Amino acid sequence: MLIIMALLPFLGALLPSLMIRAGRNACAIFTALPTFLALVILLILSPSVMRGEVLQAELAWLPQIGLSASFFLDGLGLLFAGMILGVGLLITLYARFYLSGEDPMGQFYTFLLLFQGAMLGIVLSDNILLLLVFWELTSLSSFLLIGYWKHLPEGRQGARMALAVTGSGGLAMIAGMLILGNIVGSYNLTDILQAGDAIRASDWYLPALILILLGAFTKSAQFPFHFWLPQAMAAPTPVSAYLHSATMVKAGVFLMARMWPVLSGTDAWFNIVTTTGLITMVLGALIALFKNDLKALLAYSTVSQLGLMTMLLGFGTQVAAVAAVFHIINHLTFKAALFMTAGIVDHETHTRDIRRLGGLRHLMPVTFVIATISALSMAGIPFLNGFLSKEMMLEEASHTGLFGSPSALPILATIGALLSVAYSFRFVVHVFLGPVRDDYPHKPHDPPFGMWAAPALLACLVVLIGVAPFLAEGIVTAAANAVTGADLHPHFKIWHGFTPALWMSVVAVVSGAILLLQYGMLDRVWEALPRPEAKTIFDHLVAAVVAGARRVTEITHNGAISRYLAIFTIASVALGWVAYSGGGLGPRTRDLLAVPLVVAVGWLMLIVATGYVVVNHHHRFRALVLIGVIGLTVSAGFVYLSAPDLALTQISVETVTIMLLLLALHFLPKVTPRESSLALRLRDGAIATVAGLGVGGLAYAFLLRDTDTISDYFIANSYEGGGGTNVVNVILVDFRGFDTYGEIIVLGIAGFLIFSLMHALLDGPAAKRLRARDYSQDRSHDRHPLMMVVVTRVLMPIAMVVGIYIFLRGHNAPGGGFVAGLVVAIALLMQYMASGFAWTQARKRIEYHTLIGMGVVIAGLTGAGAWLFGQPFLTSAYTYVHIAPVEEFELATAMLFDLGVFLTVLGAVMLMLYSLSRIARFAGETVNMEPMDYDPSEHVDDGKVKV
Amino acid sequence: MEFLVASAVGVLTAGGVYLLLRLRTFPVILGIALLSYAVNVFLFASGRLAIDKSPILAKYGEASYTDPLPQALVLTAIVISFGMTAVLVMIGLGAYLEADSDRIDIEDTEEDTGA
């Protein structure tokens with residue numbers, strides 16, 4: 001039940017976007033549906049929670065890191081879940097009428113439900129890692145909601161700022177939560193809540209506290225992070241009412257309440273939280289008084305009220321915690337109603353500027369009544385719910401000392417209350433009272449019932465709780481007991497007698513009213529005072545960070561690849577040296593093998609060729625030829641050193657690589673200009689020498705020493721388990737088949753990549769450049785020589801047979817899919833070389849893309865076939881068959897897999913070279929209709945051949 | 001023999017790194033080719049050197065074999081390094097055709113005009 005409830009908003013989030021096609025009403029109804037269902041579930045669950053039970057549900061998610069999708073519902077969770085879902089329903093209704101026809105409503109409701117789900121997740125999570133996930137989700141979804149009106153620059157900026165501030169706070173909180181989890185040894189909230197003493201005694205308590213509070217303060221817009229909330233007011237009003245008064249900004253308060261039994265009760269907690277809350281309360285109220293934008297006024301008042309709750313939690317006493325919980329409910333009712341009325345005023349008059357409003361009570365009587373009730377509650381007038389919790393706050397403040405001074409806190413709290421009276425009155429007086437004006441941007445009247453129904457309901461609650469506070473006792477008790485972990489039975493009364501709190505209240509209301517009477521004068525003073533603008537500071541800060549990041553990037557990442565490579569090489573060598581000097585070298589255990597003369601000559605060839613390539617790399621063609629020499633020497637070395645498979649592969653890869661590079665060289669400059677200075681060359685030479693010595697030394701060191709190898713297993717099981725005597729091939733297609741499968745996919749992707757690069761290239765300006773360039777001098781007069789055409793035609797079937805032979809014997813003797821694919825590719829490439837690209841292309845029947853695809857599919861299906869027999873992926877089976885004229889041979893599923901390898905290699909190699917040679921067509925290569933340039937059957941006269 | 005292989009790996013690495021640090025695409029591609037040889041031989045040599053001990057199981061009698069595992073790894077590495085070289089060649093070619101220059105470093109235009 002609990003899990004279903006937590007997931008309902010997420011599941012429902014897709015509905016609005018789909019249902020918007022059925023009309024705006026259907027869309028709103030289908031948004032309300034999941035919310036309503038979740039609320040019903042909550043109501044079903046609530047009686048047992050009210051009795052003090054804690055409901056739990058768990059789904060394992062990533063148990064390895066202590067993350068599980070576990071939820072629990074206690075009094076605090078019940079309170080918040082009820083608020084989130086209840087206000088969610090009201091907001092859905094309100095938004096239906098608030099959003100205009102041009103706004104994409106489906107999108108709005110989807111975002112809203114996403115946010116609702118994330119918020120619900122926070123209050124229900126029993127795992128702090130899960131809580132963090134939801135925490136970040138609220139930041140993200142609120143980003144989407146604040147920036148909902150994408151066309152407004154303020155909306156985008158506000159959304160970005162909110163994300164930056166709350167997101168970075170969230171990062172701090174992740175660190176804090178991880179510390180907490182480490183102290184306790186569990187990430188389960190229920191475990192952590194039991195371990196309060198251990199946490200407070202830990203050395204890591206203070207860092208964890210500060211980090212978690214950073215997360216809570218940024219989310220709940222506490223000073224000095226308060227500035228993002230007013231900026232977020234660019235959001236549509238339903239969002240402001242929902243996120244920025246009722247739910248999201250309370251997530252920080254919720255978290256502090258949640259962690260209250262564990263973290264509170266220390267001096268650090270008291271000093272940090274109380275002071276921050278107090279400053280925020282007074283400062284927010286002060287700024288709110290002087291704001292002319294209705295929503296900005298409400299935003300700063302929210303900041304101030306959040307400060308009040310924070311301060312109460314900071315006190316660390318149980319009564320204060322009760323007051324905080326009570327105020328959460330009261331603030332929700334009057335502030336959401338106020339935001340909605342502000343939205344109505346904006347909607348009707350087309351302005352939110354208080355200076356252009358006034359006298360609306362005659363034009364919008366219903367709205368006036370709702371606004372007045374809510375605002376008076378915010379001011380703390382008796383018989384309205386705001387009075388009750390504010391009274392409790394003042395009572396607590398009156399006997400709490402701060403930093404050794406007994407009177408500082410009561411005085412400041414009274415000032416905060418006084419200012420909040422002033423701005424609450426201002427909201428009513430300057431908007432609704434006074435003479436009716438005739439210069440409203442739009443003639444206002446009361447909105448349709450659907451729009452004022454939601455705030456009216458909330459206003460009713462304000463009065464109801466205000467008159468009969470015992471109605472709220474049940475839920476507040478349940479929540480407060482969950483916060484404090486104690487068994488409290490608070491009783492709310494309107495009349496407490498002539499307590500200090502009452503006198504503070506009286507002072508606040510009277511002076512608040514006087515303050516408003518003198519508003520004109522105060523406003524002038526305020527305007528004249530210099531005051532730091534948080535947004536500007538934030539913008540400067542962001543700009544400075546961006547500039548700093550750019551400077552670092554420019555220094556470290558300046559576009560000189562050769563420099564990165566040099567740094568990389570030096571760093572690798574240095575790391576190798578560190579590793580070497582940290583350990584020792586074991587004794588030498590292997591004897592040197594003898595060096596026959598032929599081998600020494602081969603070695604010499606390799607060294608000389610490498611040296612020549614390095615010294616004469618400016619002549620690209622010559623260097624390329626010598627690369628071929630090196631490759632062939634390496635292949636010969638493989639043959640000599642008992643690696644026939646490697647030799648076969650190396651020699652065929654060598655061939656295609658050289659062809660590829662030759663093709664590319666055709667379009668590139670033929671010589672490299674000498675542009676490096678001598679110093680640069682010496683530097684590079686030194687780096688290269690050091691790297692070479694390092695790698696060579698390492699190789700020499702391990703060649704003289706034995707090592708443990710796992711290969712004995714392969715040799716022992718190759719025949720019995722894999723059915724082949726060529727151990728290397730059996731490893732490739734059987735033991736390590738998964739690796740091979742991955743490799744051929746990579747190769748196939750490389751083929752496609754080259755193909756699409758070629759296409760992108762030929763569609764761009766490069767194609768024009770290619771056409772303009774003249775390659776005719778490079779061209780041979782005898783491009784398709786008779787001898788070559790004839791020889792390649794004769795060789796073709798032979799090469800094919802060789803390829804098939806190599807493929808078939810691969811399992812038992814050197815060969816296999818890789819080599820066979822390369823050999824067949826070379827045979828085909830020779831046709832291209834002999835008769836030209838276009839001529840050969842026209843005679844091709846199968847697309848190379850298809851080959852790659854078929855290869856991967858065959859290999860994959862072979863592997864998956866093992867599933868049919870209940871075996872893991874790529875388990876091979878084999879048998880021996882004997883067909884009369886042929887020798888006994890083996891049929892293994894591994895061979896089918898090797899067929900896949902063969903096809904992929906063939907397809908990829910062909911696709912790569914095909915792509916390169918297609919460029920030649922663009923470079924103005926002519927197309928020959930005949931396979932060769934000279935047709936020997938044609939008539940010859942004058943000793944000249946007709947072309 | 002061991003010395004020859006080790007020194008060949010060292011020389012190939014040094015040559016590869018030197019060419020890698022050049023300023024034009026083609027030498028860099030050649031450098032990568034040399035480095036691929038070096039790396040492949042290096043990996044292969046980690047199975048230790050052996051002569052006439054191919055990892056092909058003998059039908060009759062006892063025989064000793066060289067380590068087949070590095071060979072299997074290197075075999076695929078050779079093929080993949082071809083694929084990588086091909087992609088690099090294509091990118092280099094594309095860059096040359098698009099920019100009409102085969103330099104690998106981005107020129108610092110701001111500094112050029114500012115100085």
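Chain A is the first sequence line, chain B the second, and so forth, proteins listed ahead of strands; every chain is numbered from 1. Treat the numbers as computed from the prediction; the structure is a model and nothing was measured.
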Asker: Is it the case that the side chain of Glu743(A) and the backbone of Ile80(B) share a donor-acceptor pair, with hydrogens and angles ignored and the cut-off at 3.5 Å?
Answerer: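 Between the backbone of Ile80(B) and the side chain of Glu743(A) there is no qualifying donor-acceptor contact (under 3.5 Å).
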Asker: Between Leu663(A) and chain B, with a heavy-atom cut-off of 4.5 Å, which part of the residue counts as in contact: side chain, backbone, both or neither?
Answerer: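 Contact with chain B is absent: no heavy atom of Leu663(A) under 4.5 Å.
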Asker: Hey, which of Thr610(A), Ile754(A), Val614(A) has the most heavy atom pairs under 4.5 Å with chain B?
Answerer: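 Maximum pair count with chain B is reached by Ile754(A).
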Asker: In terms of heavy-atom proximity below 4.5 Å to chain B, should Leu757(A) be classed as side chain, backbone, both, or neither?
Answerer: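 Both backbone and side chain of Leu757(A) come within 4.5 Å of chain B.
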Asker: Tell me whether the rings of Trp603(A) and Phe3(B) are parallel (<30°), tilted (30 to 60°) or perpendicular (>60°).
Answerer: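 Rings of Trp603(A) and Phe3(B): tilted, 30 to 60°.
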Asker: Whether the side chain of Ser642(A) engages the backbone of Lys53(B) through a donor-acceptor N/O pair (distance < 3.5 Å, no angle test) should be reported.
Answerer: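 Side chain of Ser642(A) to backbone of Lys53(B), a donor-acceptor pair under 3.5 Å: yes, one is there.
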Asker: Can you tell if the side chain of Arg24(B) reaches within under 4.5 Å of the side chain of Pro673(A), non-hydrogen atoms only?
Answerer: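 SC-SC contact between Arg24(B) and Pro673(A) confirmed.
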Asker: Ignoring hydrogens and angles, tell me if any N or O in the side chain of Arg590(A) forms a donor-acceptor pair with the backbone of Leu49(B) under 3.5 Å.
Answerer: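 Side chain of Arg590(A) to backbone of Leu49(B): a pair is present.
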Asker: Looking at CG of Asn726(A) and CD1 of Ile56(B), how far apart are the two atoms once the value is rounded to the nearest 0.5 Å?
Answerer: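 Between Asn726(A) CG and Ile56(B) CD1, I get 3.5 Å after rounding to 0.5 Å.
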Asker: Contact part of Ile561(A) toward chain B, heavy-atom cut-off under 4.5 Å: side chain, backbone, both or neither?
Answerer: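 Both parts, backbone and side chain.
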Asker: Using 0.5 Å steps for rounding, measure from the OG atom of Ser7(B) to the CG atom of Leu693(A).
Answerer: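 Output value for this atom pair is 11.0 Å.
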Asker: Check whether Thr707(A) gets within reach of chain B through its side chain, its backbone, both or neither, counting any heavy atom under 4.5 Å.
Answerer: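 Answer is both: backbone and side chain atoms of Thr707(A) are under 4.5 Å from chain B.
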Asker: Looking only at heavy atoms and a cut-off of under 4.5 Å, which of Ala813(A), Gly821(A), Gly697(A), Gly692(A) has the most pairs with chain B?
Answerer: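 Sorted descending by pairs with chain B, the first entry is Gly692(A).
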Asker: Just by modelled atom types, is the Arg705(A) backbone N or O under 3.5 Å from a matching donor or acceptor in the Arg48(B) side chain?
Answerer: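 Yes: the side chain of Arg48(B) pairs with the backbone of Arg705(A).
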Asker: So which of Leu703(A), Val727(A), Val728(A) has the largest heavy-atom pair count under 4.5 angstrom toward chain B?
Answerer: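 Most heavy-atom pairs within the cutoff with chain B belong to Leu703(A).
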Asker: With a 4.5 angstrom heavy-atom cut-off, which part of Val634(A) approaches chain B: side chain, backbone, both or neither?
Answerer: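 Side chain of Val634(A) only, per the 4.5 Å heavy-atom cut-off to chain B.
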Asker: Would you give the length of the straight line joining atom CD1 of Ile715(A) to atom CG of Leu57(B), rounded to the nearest 0.5 angstrom?
Answerer: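 One gets 7.5 Å once the value is rounded to the nearest 0.5 Å.
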Asker: Rounded to the nearest 0.5 Å, what separates atom CZ in Arg736(A) from atom CG in Leu69(B)?
Answerer: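 Arg736(A) CZ to Leu69(B) CG: 7.0 Å, rounded to 0.5 Å.
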Asker: Centres of the Phe82(B) and Phe818(A) rings: under 6.0 Å?
Answerer: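 No: the rings miss the under 6.0 Å criterion.
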Asker: At a 4.5 Å cut-off on heavy atoms, which part of Leu19(B) comes close to chain A: side chain, backbone, both, or neither?
Answerer: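 When you check distances to chain A, only side chain atoms of Leu19(B) fall under 4.5 Å.
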Asker: If you count heavy-atom pairs under 4.5 Å between each of Ile731(A), Val695(A), Leu761(A), Leu646(A) and chain B, which one has the most?
Answerer: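 Of Ile731(A), Val695(A), Leu761(A), Leu646(A), Leu646(A) has the most heavy-atom pairs under 4.5 Å with chain B.
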Asker: Between Phe638(A) and chain B, with a heavy-atom cut-off of 4.5 Å, which part of the residue counts as in contact: side chain, backbone, both or neither?
Answerer: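 Just the side chain, heavy atoms under 4.5 Å.
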Asker: With a 4.5 angstrom heavy-atom cut-off, is it the side chain or the backbone of Tyr640(A) that approaches chain B, or both, or neither?
Answerer: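 Contact with chain B: backbone and side chain both.
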Asker: Given a strict heavy-atom distance threshold of 4.5 Å, which part of Leu641(A) is in contact with chain B: side chain, backbone, both, or neither?
Answerer: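 Backbone plus side chain of Leu641(A), per the 4.5 Å heavy-atom cut-off to chain B.
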